[in-house]
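This report concerns only the one structure given below.
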Amino acid sequence: MPRARLGRFTKPMSKVFSYPKSEKLKNKKTIDLLFSEGKSVSKYPLKLIYAQTAPFFNTQIEAGVTVPKRNFKSAVTRNRIKRLLREAYRINKQEVFNNTEGRFAFLFLYLGKEVPTFKQVEKGMKVVLQRFFEAEITQNRKK
RNA sequence: UAAGCAGGCUACCUUAUCGCUCUGGCGGUGAACGUCAGAGAGGAAAGUCCGGACACCAUAGUGCAGUAUAGCGGGUAACGCCCGUCGUUCCAUUUUAAUUUCUAUUAGGAUGGAAAAGGACCAGUGCAACAGAAAGCAAGUACAGUUCGGCUGUAGUGAAACCAGGUAAACUCUAUACGGUGAAACGUCACGUAAAUCGGUGUUUGAGGGCUGCACGCCCGAAUCGAAGGGUAGGCGGUUCGAACCUUUGGGUAACUAAAGGUCUAGAUAAAUGAUAAGGAGCCCCGAUGUAUUUCGAGGUGUACAGGAUCCGGCUUAUUGGCCUGCUUUUUUA
RNA sequence: GGCCCUGUGGCGCAACUGGAUAGCGCAUCUGACUACGAAUCAGAAGGUUACAAGUUCGAAUCUUGUCAGGGUCA
C-alpha cells in the first residue's frame, strides 16, 4: 500500500459541486464487483448500483455513468444522456458526502428509451439517492 | 424579379451562475490541491470501400498461386481518386434527303448537355430456358433468281441465325500493380503466479520459430507444442508540426505545381465542449393595414445530419437553414 | 480501433456453375370426422428473396453501394 495515506481522507470542501477525474469510476475490477455483488435501487428511468469498497484511495465515492448502446444507437444522444446524468450527480452529490460513512462505488444506469430533459433526470436522481439512504439506514439498524 | 441546374463557403449569437480536459506561470520539497492566463470536435469526425505514411516481421528474396485495375495522355507520396481528350450510347435544338395532303417516319450531318467497371471471344474451354430445321461443327424448311454449282437472295423463330456469329460483372488470355500483419502494430516500466501437473516431439542425424496459401532459400535455434488450470489486464512513450493551413506572384486549358512571406490549429482513455436561467438574430403560422413589397401585434420554434480515438489523400452515405458565383428560361421598365 | 461472416412467408431451412409457377417442415385459417376436444384427412392464405443501382434477352443466384444482425482480437 505505497500511496494510501489514510490521514488525508477528507477533501477540501471549497468546491462543492465539482466532479473531477479522481471521483470517476474507472477500475474494471470494481465495476465487475458492482455487477456481481452490488445492491441496487431504481426509479424509472434511473437505476443505481452501489457497493461498499475498501478505504484505499483518497476519494470517498467513485461514481460512473452508463447508457446502453442497445437503446441509443447514436453516439451523440448517448453522450448527451451521460452528460445529463453526470450533471445531476454533480449537483446532488453533496447530500451523499454529508450523510454517509465509509466508501462506496456508484454506477448509474439509464434504462429509458427516450431522450430525457434535465429536470426529469434530476428528479430521478434525487429519488434514487433518497432510496439509497433508506436502504443503508435500515441495514445499519439491523447491525 | 422569379424558377431550375451546377459549383463553392458557412454552421446561430450574447450575458450570468455552476462545472469538465489539457498546457503554461505562481504558491506548495513533491504529489494532491489552490489561483491566474490560454487552448478545446466535423463537413461529413460516420461507413471502413480504396490508397499511403509509420511500426514489426530476413537487408523483404525467388517461383507458383491469389487479388485488383483496364481507350489514350497527364496530375499525385500513392490510388479503384482527380483533370483533359477520343470513341460509344441517350436527350434536346437545328439542318439535308426520301416517303407522305398534313401530322409523322426513316437515314445522314452540325451544335449543346448528360451517362458509364470503355482491353481481348483472330489462343483454348464452357454456356444459351422457351421458340426454332438448326444456338455450334453438324445438318437444313419454303419461295424466287440462276452462269444449274448444297450458287445467290428473301421469309419464318428468337435477345442473338452462317458470319473470323453472341457471351469475359463465364473460366480464361494480355498488360500493369501488389511480400505479410496492423497502433489491441511496436518499445519500455511496474504488479503478480506455478521454475508445479498430464501427454507429444527433439538437441548437430535439427524439434520448433521468424503470424504469408504452397514450395524453395535465408536467419535464429535448445528446448518446444498441446490439454486443463493459475496470474495480470495498470502507467509512460508511440501521440500529434503535418505529403499542414493562409496570402501573393510565376507556370499549366485543367487537375495541380514552384518560390516568397505568415500562422500554430483537440489530444481524451468508463473517454473532456456540458447544465440551468434570461434575452436577441433567423425561420414558421395567425390577425390588421395594403395591389404588392413593407410595417405593427400575438404565438410557436430557436434548429438538420451528427462526436475525434495513430495520422493524412480520396470515395460513398446522412443532412436543415443562410450567403456567393456561373448558365438557362421567364416577367417588367427604358 | 482493426478483421470476418450472415440476411429467403410468423419460425427453422431448401433452391446459389443465371432459365421464369421461389419449394419443404412446423405454426395460422377453413371444412370434414366427433357428443366435444386431440390426432388424422382435404383445401386455402401468407414472399417486391433486407434495400437500391448495374451487367444480361433473362438475377434469389453475378457485380457494386447502403441498412440490419452476429462473431473475433492483448
Side-chain angles (χ1 to χ4, degrees), chain A residues 1-140:
Chain A
M1 234 187 255
R3 290 174 63 181
R5 300 190 186 177
L6 300 177
R8 286 275 189 172
F9 201 83
T10 47
K11 271 171 62 75
M13 287 294 169
S14 54
K15 299 191 78 173
V16 174
F17 298 113
S18 69
Y19 182 41
K21 214 173 177 179
S22 56
E23 288 182 24
K24 286 182 185 172
L25 177 64
K26 296 179 181 181
N27 196 302
K28 191 172 159 65
K29 264 187 159 178
T30 52
I31 293 169
D32 288 340
L33 182 82
L34 277 175
F35 278 110
S36 58
E37 298 177 15
K39 302 160 202 165
S40 68
V41 288
S42 63
K43 163 78 175 75
Y44 188 83
L46 288 179
K47 182 177 186 181
L48 168 62
I49 302 179
Y50 65 95
Q52 208 154 10
T53 52
F56 195 85
F57 295 106
N58 294 348
T59 49
Q60 188 178 357
I61 287 178
E62 287 182 306
V65 147
T66 307
V67 177
K69 197 173 185 178
R70 187 171 294 274
N71 293 349
F72 298 95
K73 223 167 67 62
S74 163
V76 172
T77 56
R78 252 184 289 128
N79 273 346
R80 171 161 176 82
I81 294 166
K82 280 154 80 176
R83 281 168 181 159
L84 289 173
L85 288 174
R86 275 199 291 266
E87 190 72 11
Y89 171 72
R90 181 176 73 78
I91 289 171
N92 294 295
K93 73 169 190 175
Q94 202 53 41
E95 298 182 40
V96 184
F97 275 72
N98 291 339
N99 296 331
T100 54
E101 292 284 325
R103 292 191 66 259
F104 286 95
F106 282 1
L107 190 67
F108 295 95
L109 286 136
Y110 186 77
L111 300 175
K113 301 201 171 169
E114 288 168 8
V115 182
T117 62
F118 178 73
K119 286 183 179 173
Q120 291 171 337
V121 173
E122 192 178 24
K123 194 178 166 188
M125 178 65 70
K126 282 180 176 169
V127 173
V128 159
L129 290 178
Q130 192 60 41
R131 290 187 182 174
F132 163 71
F133 292 140
E134 288 168 6
E136 278 302 299
I137 288 164
T138 51
Q139 197 183 42
N140 288 343

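Here is the naming used below: chain letters follow the sequence lines, and residue numbers restart at 1 for every chain. None of the values given here were measured: they were computed from a predicted structure.
Taking atom P on both nucleotides, B:A306 is separated from B:A92 by 40 Å, rounded to a whole Å. For the C1' atoms, the distance linking B:G230 with B:G208 amounts to 26 Å, nearest Å. Going from the C1' atom of B:U316 to that of B:C49 covers 7 Å, rounded to whole Å. Only the C1' atoms considered, B:A123 is 37 Å distant from B:U154, to the nearest whole Å. With P as the reference atom, B:G242 and B:A266 are 14 Å apart, rounded to whole Å. Taking the C1' atoms as reference points, B:A207 lies 9 Å from B:C225, given to the whole Å. Using atom C1' as the reference point in both B:A70 and B:A117, the two lie 9 Å apart (nearest Å). Here the separation of B:C315 from B:U181, taken at their C1' atoms, is 25 Å to the nearest Å.
Classified by its glycosidic torsion, B:U265 falls in the syn category, the angle being within 90° of 0. Syn is the glycosidic conformation of B:A41, whose angle stays within 90° of 0.
To the nearest angstrom, C1' of B:C18 lies 16 Å from OH of A:Tyr89. Taking atom CD of residue A:Glu23 and atom P of nucleotide B:C33, one finds them 10 Å apart after rounding to whole Å. Between the C1' atom of B:A318 and the NZ atom of A:Lys73 lies a distance of 11 Å, rounded to the nearest Å. Distance, A:Phe17 CZ to B:U276 P: 16 Å, rounded to whole Å. Per the geometry, CZ belonging to A:Arg78 stands 13 Å off P belonging to B:A46, to the nearest Å. Atom CZ of A:Phe72 is separated from atom P of B:A306 by 15 Å (rounded to the nearest Å).
Considering only the side chain of A:Pro20, B:C20 comes nearest among B:C20, B:G308, B:U276.
Using Watson-Crick or G-U wobble geometry with both donor-acceptor distances under 3.5 Å, C:A68 finds its partner in C:U6. Shown here, B:U111 forms a base pair with B:A92; the pair counts as Watson-Crick or G-U wobble because both key distances fall under 3.5 Å. Of the nucleotides present, none pairs with B:C148 by Watson-Crick or G-U wobble criteria with both distances under 3.5 Å. In this structure, B:A135 makes no Watson-Crick or G-U wobble pair, since no nucleotide meets both defining distances under 3.5 angstrom. Under the Watson-Crick or G-U wobble criterion, with both distances below 3.5 Å, B:G208 is paired with B:C220. Pairing partner, C:A20: none, since no Watson-Crick or wobble contact has both distances short of 3.5 Å. Base pairing of B:U247: its partner is B:A260, meeting the Watson-Crick or G-U wobble criterion (both donor-acceptor distances under 3.5 Å).
Contact check for A:Leu34 versus A:Phe106: no side-chain heavy atoms found under the 4.5 Å cut-off. For the pair A:Lys93/A:Phe17, no side-chain contact is recorded, criterion being any heavy-atom separation below 4.5 Å from C-beta on.
Each of A:Leu129, A:Leu109, A:Leu85, A:Val41 was checked for a side chain to side chain contact (heavy atoms under 4.5 Å, CB included) with A:Leu46, and the lone residue meeting it is A:Leu85.
Between the side chain of A:Gln120 and the backbone N or O of A:Thr117, at least one donor-acceptor pair lies under 3.5 Å. Remark: side-chain polar atoms of A:Tyr110 are not paired, donor with acceptor, to backbone N or O of A:Val121 under 3.5 angstrom. A donor-acceptor pair is defined here as one N or O able to donate and one able to accept, closer than 3.5 Å; no such pair exists between the side chain of A:Ser18 and the backbone of A:Pro20. A donor-acceptor pair under 3.5 Å is formed between the side chain of A:Arg78 and the backbone N or O of A:Lys73.
If you take CD on A:Glu62 and NZ on A:Lys24, they are separated by 12.5 Å, rounding to the nearest 0.5 Å.
Comparing A:Ser74 and A:Phe118 along RNA chain B, the residue whose closest nucleotide (by nearest heavy atom) sits nearer the 5' end is A:Phe118.
A:Glu87 and A:Arg90 are joined by a salt bridge, as a carboxylate oxygen and a charged side-chain nitrogen come within less than 4.0 angstrom of each other.
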## Note on the structure
Per-nt protein contacts along nucleotides 267-274 of chain B (heavy atom under 4.0 Å; B base, S backbone sugar-phosphate only, - none) come out as --SBSSSB
